[in-house]
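Reading through the structure tokens given below for one structure.
Every chain is numbered from 1 and lettered A, B, ... according to where its sequence line falls, protein lines coming before strand lines.
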Protein chains: 2
Amino acid sequence: MPNARERVRAEITAEIADAARRQLAEVGAAGLSLRAVARELGMASSAVYRYVPSRDDLLTRLIIDAYDDLGAAAEAADPPGGPPRQRWLAVCRAVRGWAREHPHEYALLYGSPVPGYRAPAETVPPAARVGLVLGRILGDAARSGDLPEAAGERDPALISDDAVAILGGEHPALDEAVRVRALLAWSAVFGTISFELFGHLVGSVLDTDRWFDRAMGELAAGLGL
Amino acid sequence: MPNARERVRAEITAEIADAARRQLAEVGAAGLSLRAVARELGMASSAVYRYVPSRDDLLTRLIIDAYDDLGAAAEAADPPGGPPRQRWLAVCRAVRGWAREHPHEYALLYGSPVPGYRAPAETVPPAARVGLVLGRILGDAARSGDLPEAAGERDPALISDDAVAILGGEHPALDEAVRVRALLAWSAVFGTISFELFGHLVGSVLDTDRWFDRAMGELAAGLGL
DNA sequence: TCTCGACAAGAGCGGTGCTCTTGTCCTGGA
DNA sequence: TCCAGGACAAGAGCACCGCTCTTGTCGAGA
């Protein structure tokens with residue numbers, strides 16, 4: 001039975017997280033200030049510390065929420081059953097769309113690590129969700145026979161068993177070369193989005209929408225999707 | 001004729017930049033503090049402002065120096081004339097090696113943009129150096145006949161003329177599809193390095209050295225190198 | 001020799017994260 | 001019903017930040 005006191009406490013904690021998210025969208029992670037959050041909520045800066053242990057702790061909560069939001073967007077964009085290539089493109093577009101809508105949160109997840117901050121273990125499962133979606137597409141394609149047979153090479157010292165499980169699991173069509181390409185594609189998806197968001201494509205790519213689609217298409221082709 | 005006064009001024013300015021670089025390696029770009037630089041050099045914080053107009057200006061200098069250092073490393077790793085695939089791998093390895101030796105400077109260049117800081121135009125030429133090296137390899141491969149003929153498609157609304165010039169220029173073996181793959185490979189190189197440096201491969205890739213080589217090999221193969 | 005400019009240093013402004021103390025108010029148990 | 005204990009807000013304070021303004025010094029060139 002949630003106490004009245006406990007309920008209002010949870011509400012205020014949620015309000016602090018919301019205000020922090022708004023601030024994150026405006027000034028970025030490095031500019032996130034508990035004092036500004038307190039100002040926005042009309043409370044003393046010291047009062048915030050009754051609800052949030054520290055700035056880093058608030059950051060962890062924002063990171064987990066952002067990973068979950070991004071993961072949900074990726075999952076929602078992938079209704080299983082369609083052709084693998086279209087599923088791949090749909091998920092990639094969803095990830096890019098989320099990143100463009102939440103650039104500061106994206107930077108928090110995939111940009112420079114915040115100095116002095118070490119992400120705790122509870123951020124790992126939410127962080128894996130996008131990878132799970134992409135890996136499931138590859139695995140489904142293998143099981144439905146949409147991938148050519150492969151040599152079945154397996155090098156346990158190169159890619160971990162956990163990663164193999166995510167990347168479609170064990171299957172005759174999934175050998176180490178495919179998995180290397182899959183991890184490369186995964187890195188490349190976020191590499192292209194980061195390059196676009198962080199301004200490295202300015203002056204080179206004129207139509208980023210079409211370029212992204214073509215680039216993701218090339219990645220899919222490289223995977224045999 | 002450099003005045004004695006001007007000489008000592010240039011020396012102190014260089015000392016400030018060096019101290020800032022050391023500080024960058026310790027606390028990252030967001031934690032870079034002119035006061036700490038002043039402390040390290042044994043001068044008053046206000047005295048630093050006689051040599052550096054602002055913190056952002058110092059950041060610009062560090063960015064340009066880092067781009068130049070990385071660009072020089074990439075150029076030094078590419079003695080032209082060898083087989084394109086080996087040149088490609090050598091340059092990629094050099095970029096990764098530089099990134100691992102200077103993780104904070106790499107994050108400054110390719111990580112999250114520093115909030116409130118906007119890179120001025122003079123950072124663009126140094127930033128282009130790695131791309132020039134990679135593009136030259138592609139162009140040399142095309143001109144030496146190591147690439148298959150292509151359709152020669154050219155879409156001026158997709159990729160800028162400047163980028164086309166960097167990516168080997170106009171050649172029958174270089175059409176828009178190749179250029180898309182080249183830009184994708186460029187993004188993927190930094191995507192994989194960022195993923196490794198920023199911790200996204202922890203738990204998935206066990207041997208990052210070998211994985212990087214194989215991934216870069218896949219990228220080269222995708223380009224026909 | 002003397003003037004002027006470059007310089008260092010200190011004080012100060014408004015901001016930050018975070019802590020400690022003080023005083024208030026509400027809730028749950030006797 | 002009353003009261004003790006705990007949750008709470010707020011203020012002051014510490015050390016830090018970027019940056020500016022003023023003051024005083026010192027040396028190079030006219």
Side-chain angles (χ1 to χ4, degrees), chain A residues 1-17 19-24 26-63 104 108 113-118, chain B residues 1-17 19-24 26-63 104 108 113-120:
Chain A
M1 45 180 178
N3 210 339
R5 190 162 243 164
E6 287 168 1
R7 245 194 15 240
V8 70
R9 179 181 178 82
E11 277 174 20
I12 294 184
T13 307
E15 278 180 27
I16 290 175
R21 231 184 311 278
R22 279 193 296 273
Q23 235 209 359
L24 187 70
E26 283 176 15
V27 297
L32 180 63
S33 147
L34 282 190
R35 286 179 119 107
V37 167
R39 257 197 308 275
E40 182 175 335
L41 298 182
M43 52 167 65
S45 68
S46 52
V48 177
Y49 286 88
R50 300 223 159 259
Y51 299 92
V52 172
S54 73
R55 184 179 174 277
D56 282 5
D57 209 87
L58 181 57
L59 219 50
T60 297
R61 171 152 185 177
L62 295 183
I63 288 175
H104 286 103
L108 182 61
V114 179
Y117 171 82
R118 183 155 175 77
Chain B
M1 46 180 177
N3 210 339
R5 191 162 243 163
E6 287 168 3
R7 242 192 21 236
V8 71
R9 179 181 179 81
E11 277 174 20
I12 295 183
T13 306
E15 278 179 26
I16 289 176
R21 232 184 310 278
R22 279 193 296 272
Q23 235 209 355
L24 187 70
E26 283 177 13
V27 295
L32 179 63
S33 146
L34 282 188
R35 285 179 120 109
V37 168
R39 256 197 310 275
E40 182 175 336
L41 298 182
M43 53 168 64
S45 68
S46 52
V48 177
Y49 286 87
R50 301 223 156 260
Y51 300 92
V52 173
S54 74
R55 183 182 175 276
D56 283 5
D57 210 88
L58 181 57
L59 220 50
T60 297
R61 171 151 185 177
L62 295 184
I63 289 174
H104 287 100
L108 181 62
V114 179
Y117 171 82
R118 184 158 173 74

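- The separation between A:Leu59 atom CG and C:dG17 atom P is 11 Å, rounded to whole Å.
- Distance CZ (B:Arg7) to C1' (D:dA28): 14 Å, rounded to an integer number of Å.
- Across the protein-nucleic acid pair, B:Tyr49 atom OH and D:dC21 atom P stand 13 Å apart, rounded to whole Å.
- No N or O donor and acceptor, one from the side chain of A:Ser46 and one from the base of D:dA9, sit under 3.5 Å apart.
- A:Leu41 comes within 4.0 angstrom of no nucleic acid atom, judged by non-hydrogen atoms across all strands.
- Along DNA chain D, the nucleotide nearest to B:Asp56 and the one nearest to A:Ala47 differ in position, and the one closer to the 5' end is contacted by A:Ala47.
- Residues A:Arg39 and A:Pro53 each lie close to DNA chain C; by heavy-atom proximity, the contact nearer the 5' end of the strand is made by A:Arg39.
- Phosphate proximity of D:dG18 to B:Ser54: absent, as no side-chain N or O sits under 4.0 Å from OP1 or OP2.
- Nearest nucleotide to the side chain of A:Met43, out of C:dG17, D:dA10, D:dC17: D:dA10.
- Heavy-atom distances to DNA chain C give each of B:Val48 and A:Leu34 a nearest nucleotide, and the one nearer the 5′ end belongs to B:Val48.
- Counting to the nearest Å, the P atom of C:dT27 and the CZ atom of A:Arg9 are 15 Å from each other.
- Going from atom CZ of B:Arg61 over to atom CD1 of B:Ile16 covers 9.0 Å, rounded to the nearest 0.5 Å.
- Side chain of B:Arg55 to main chain of B:Leu32: a donor-acceptor pair is present (N/O by atom type, distance under 3.5 Å, no hydrogens or angles).
- Distance, A:Arg55 CZ to C:dT16 C1': 9 Å, rounded to whole Å.
- The nearest whole Å value for the distance from the CG atom in B:Leu32 to the P atom in D:dG18 is 7 Å.
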Tell me, with the steps shown, if B:Ser54 and B:Tyr49 meet side-chain hydrogen bond (donor to acceptor under 3.5 Å, both in side chains). CA-CA 7 Å; B:Ser54 74; B:Tyr49 286 87; over 6 Å; no
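- You'll find a donor-acceptor pair under 3.5 Å spanning the side chain of B:Arg35 and the base of D:dG18, going by distance alone.
- When side chains are defined from C-beta on, B:Val37 does not count as touching B:Arg22, because their heavy atoms never get closer than 4.5 Å.
- Following rounding to the nearest Å, A:Ile16 (CD1) and D:dA9 (P) show an atom-to-atom distance of 9 Å.
- Under the 3.5 Å distance criterion, the side-chain polar atoms of B:Gln23 are left unmatched by any main-chain donor or acceptor of B:Ala36.
- B:Tyr51 has a side-chain polar atom (N or O) that falls below the 4.0 Å cut-off from OP1 or OP2 of C:dA8.
- Between the side chain of B:Arg50 and the base of C:dA6 there is no donor-acceptor pair of N/O atoms closer than 3.5 Å.
- Look at OH on B:Tyr117: it is 21 Å from P on D:dC17, rounded to the nearest Å.
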